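Only one structure is covered here, and it is reproduced in the block below.
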Amino acid sequence: MPNALAAETSPYLLQHAENPVDWLPWGDEALARALERDRPLLVSIGYSACHWCHVMERESFEDPQVAALMNERFVCVKVDREERPDVDALYMEAVQAMTGQGGWPLNVFLTPGQLPFYGGTYFPPAPRGGMPSWTQVLTAVAEAWDERRAEIAADAGRIVARLRGGATLEPSAAAIVDAERDAAVDRLRALFDSVHGGWGNAPKFPAASVIEFLLARGEHAMALQTLRSMASGGIYDQVGGGFARYSVDAAWTVPHFEKMLYDNALLARAYLHGWLASGDAVLRRTCEETLDWALRELRAPEGGFYSALDADSEGAEGRFYVWGAGELIAALGPDAEAALAWFGVTDKGNFPEGRAASGEAANVLESRGPEPAPAVRERIRARLLEVRERRVRPGTDDKCLASWNALMLAALADAGAALERPDYLDAARETARFLLETLRDGDGRLMRTYSRGRARLPAYLEDHAFLLEGLLALYEATFEEAWFEAARAAADEVLARFTDAERGGFFSTADDAPALVARRKELEDTPIPSGGASAALGLLRLALLTGEDRYEEAALGHLRLVHELAPRYPTAFGHTLQAIDLHLGPSREVAIVGAGAEELERVVRRALHPRLVLAGTRAAPDPAPRSHVALLAGRVPVDGRATAYVCERFACRAPVTDPAALAVLLEGGA
């Protein structure tokens, strides 16, 4: 008989709806039941693409005897970490404080008052490798609750102060200075893997925000080497496009095969900007193939994007993506020899943990050998994609999250403008409409998640902040003022619902969100930008377009909290460093007005200008009476010709109508 999760819309929660565990979703019913029955809460947190979450479900949560023990001694709660980042962040912090490590599945035990007192990640069905079994953990925790409750309450109370994340930070009185940017670059250089690109050892995660910061600073070598290394490795799907979540090795060869919308949105934009900085056609191609993959495999009929593809299919990780040598030869015929050399495929394989669908040794395809001629390359990819589509596909997490869709909105808008791809711009518009119209409740409030025809859960800071950034990108790409007005509304919502009036910065949850044991500020930009960093960057860009100090001052409230931390830990603060870089400048505002401005726009869009905001209108003759963008006020075409104004803090140089003259102005600035 299904449990209470059957009424949910999250694919992850629905995966557990048939478990014999009496799961409840996080909420008032679960909390009230724990108080009423005087039992601890067992909160199990994961997400649908999580490999070890699936393993623990098969081993333990589907076992009737294990489920009976869980139901007898605990109130059992399942949480989709992607729907409830507030709950996940809170109890991940607690488990890391208690054990020194974290991950998913995250299993944490709480008092009925929501105080955490024990937790861990994956537990096996029988003791192994120094780990206790899940039933041993359940029995020990239940006995401790019965016998040492006062001690548990005291220990749990001491942990709570640590759970507020960055909310206890006081703003620094020190000025934000250029030396901080330089220190961050120096630290990144010291941590850089000069052989394989990237930062750190295995497992190695893409660092899109760090790459963007380095590109903005003109520090191209580290950024471009990392982009090229990832694009040639197995972390990139050489057949279908798109990136897996991380590499299990330092060389980007063998990925953890789940594909997340957020990674691909952030990386597509980083590859676009890498191409703008370098002219490297491989980087442009990687950007386009990544966006094309997302449009092909994650697009929802309502106009948004699904969240993820699983790592597993047919019960095995990576089965959908890997190839045996014989399998590849049979698929490609006369092109096989070129493909084997290009992809580095051997009879021994390079993925010992898996087998190809044919039963052969598994190869994760890389692009480190001699690349075939373009026509042959595309023929090989098309044929392998055709063959692969006959396999059992990984599962799709078909919920649409506001924040991740907003990241893809920004990537599509940027790429559509720079690459002159109307299809990307159309997809960006559809995504924006999905966010502004479908992902709303009856009062017009932004919701966090959409699935099965329902928008649910009031949005978090990251949802509003990423939406602000995405809508500004779409306005700059199209000059359609509806997107600018929507961006202002998103910014005003951030200021109204999330600002910390006492210390500055932004809380992760709205002022009317159901209370948890702590109201947090998330500061680190891994694996996605923090809501605070995104809000700061979006508000700074909005301030440059509007001239309104209130947006800049709110952004500085966040930067004052973290600007001394960011240079010391730059791999964790890439988006924050971009905001610091924009604040320190020099920044520029460009206004382009008048009909026939395509060549002027192209000058701006076809080069990397990281500290530049762009406004414009294609109307004639005078846009000022019809525009709500302050930067356009008084900007009129000169002699009836499309005209560009290059400004700093609204002080503008002489207008230009010649694209070459505009290029000179832009090259001479920041």
Side-chain angles (χ1 to χ4, degrees), residues 11 48-49 206 230-231 234-245 255 257-272 275 282-313 318-323 331 357 364-365 367 374 377-401 404-416 418-435 438 450-451 470:
S48 74
M230 290 191 299
I235 191 174
Y236 182 67
D237 181 353
Q238 303 296 335
V239 171
F243 287 85
R245 193 161 72 92
F257 288 88
E258 64 199 39
K259 285 181 169 182
M260 315 300 292
L261 178 64
Y262 64 77
D263 282 321
N264 286 283
L266 290 166
L267 286 168
R269 209 174 185 198
Y271 274 89
L272 174 73
W275 170 68
V282 171
L283 304 187
R284 171 177 178 157
R285 185 176 73 197
T286 305
C287 167
E288 291 184 281
E289 289 176 355
T290 299
L291 293 176
D292 292 345
W293 163 79
L295 289 165
R296 184 179 69 246
E297 298 196 20
L298 289 184
R299 195 74 184 279
E302 296 88 350
F305 288 84
Y306 297 141
S307 294
L309 298 182
D310 282 1
D312 298 8
S313 58
R319 175 66 59 84
F320 183 73
Y321 297 102
V322 298
W323 296 82
V364 178
L365 303 187
S367 177
R377 178 187 186 275
E378 292 312 307
R379 188 166 65 236
I380 290 171
R381 293 182 73 247
R383 175 58 180 157
L384 293 182
L385 187 61
E386 177 187 357
V387 172
R388 198 173 75 178
E389 285 300 303
R390 300 173 194 158
R391 299 175 179 174
V392 176
R393 291 185 58 81
T396 301
D397 185 327
D398 63 0
K399 69 178 181 295
C400 301
L401 296 173
W404 299 5
N405 270 264
L407 291 175
M408 184 54 76
L409 162 62
L412 287 165
D414 260 12
L419 304 177
E420 299 183 18
R421 289 280 302 261
D423 56 331
Y424 289 168
L425 291 177
D426 287 343
R429 292 183 182 98
E430 289 184 24
T431 305
R433 285 190 285 268
F434 171 75
L435 287 160
T438 305
Y450 178 90
S451 183

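Keep in mind that this is a model prediction, so the values were computed, not measured.
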Partners passing side chain to side chain contact (heavy atoms under 4.5 Å, CB included) against L425 (at least two apart in sequence or in another chain)
R429, A477, T478

Only counting residues at least two apart or in another chain, list the ones meeting side-chain hydrogen bond (donor to acceptor under 3.5 Å, both in side chains) with S48.
D397

Should L261 and L407 count as side-chain neighbours, where that means a heavy-atom distance under 4.5 Å?
no

Close side-chain approach of R269 to D414, heavy-atom, < 4.5 Å
yes

For the residue pair M230 and Y271, establish whether any side-chain heavy-atom pair is separated by less than 4.5 Å.
yes

For R393, enumerate each residue passing the salt bridge (Lys or Arg N to Asp or Glu O under 4.0 Å) test, keeping only those at least two apart in sequence or located in another chain.
E297, E389

Taking NZ, NE, NH1 and NH2 as the nitrogens, is one of them in R381 or D237 under 4.0 Å from a carboxylate oxygen of the other?
no

Are R299 and F305 in a cation-pi setup, meaning NZ or CZ lies under 6.0 angstrom from the ring centre and within 45 degrees of the ring axis?
yes

If you compare all heavy atoms of G234 against all heavy atoms of P255, which two are closest, and at what distance to 0.1 Å?
O-CG, 3.5 Å

What one should report as the nearest heavy-atom pair of Y306 and P301 is OH-CD, 3.3 Å

Measure the spacing between CG of L365 and CG of L384 and express it to the nearest 0.5 Å.
7.0 Å

Among F257, F320, Y321, the one residue meeting side-chain contact (heavy atoms from CB on, under 4.5 Å) with S313
F320

Just wondering, do D312 and R319 contact through their side chains at under 4.5 Å, heavy atoms?
no

State which residues pass side-chain hydrogen bond (donor to acceptor under 3.5 Å, both in side chains) with D398; sequence neighbours excluded, sorted by chain then number.
R452

Could you work out, with salt bridge (Lys or Arg N to Asp or Glu O under 4.0 Å) as the rule, every residue matching E288, not counting sequence neighbours?
R284, R421

Exam field: side chain T431 to backbone L409, donor-acceptor pair closer than 3.5 Å
no

Checking F434 now: which residues fulfil ring pair (Phe, Tyr, Trp, His ring centres under 6.0 Å) with it, not counting sequence neighbours?
Y450

Sequence neighbours excluded, the answer for ring pair (Phe, Tyr, Trp, His ring centres under 6.0 Å) partners of Y424 is none

Non-hydrogen side-chain atoms of L385 and R296 separated by less than 4.5 Å:
yes

First locate atom OG1 of T396, then atom CG of L309, and finally report the distance between them rounded to the nearest 0.5 Å.
5.0 Å

Can a salt bridge be assigned to the pair R245 and D263 using a cut-off of 4.0 Å between side-chain N and carboxylate O?
no

Ring pair (Phe, Tyr, Trp, His ring centres under 6.0 Å) partners for Y262, two or more places apart
W404

Using 0.5 Å steps for rounding, measure from the SG atom of C400 to the CG atom of N405.
5.5 Å

d(E289 CD, T286 OG1) to nearest 0.5 Å is 6.0 Å

Gap between atom CG of L272 and atom CH2 of W275 - 0.5 Å precision:
7.0 Å

Testing the basics here: between M408 and N264, what is the closest heavy-atom pair and its distance to 0.1 Å?
CE-C, 4.4 Å

Partner residues of R433 under the side-chain hydrogen bond (donor to acceptor under 3.5 Å, both in side chains) criterion, sequence neighbours left out:
none

Sequence-distant partners of R379, side-chain hydrogen bond (donor to acceptor under 3.5 Å, both in side chains), two or more places apart:
D335

Quick one: salt bridge (Lys or Arg N to Asp or Glu O under 4.0 Å) partners of E386, sequence neighbours excluded?
R383, R390

W323: what forms a ring pair (Phe, Tyr, Trp, His ring centres under 6.0 Å) with it, not counting sequence neighbours?
none

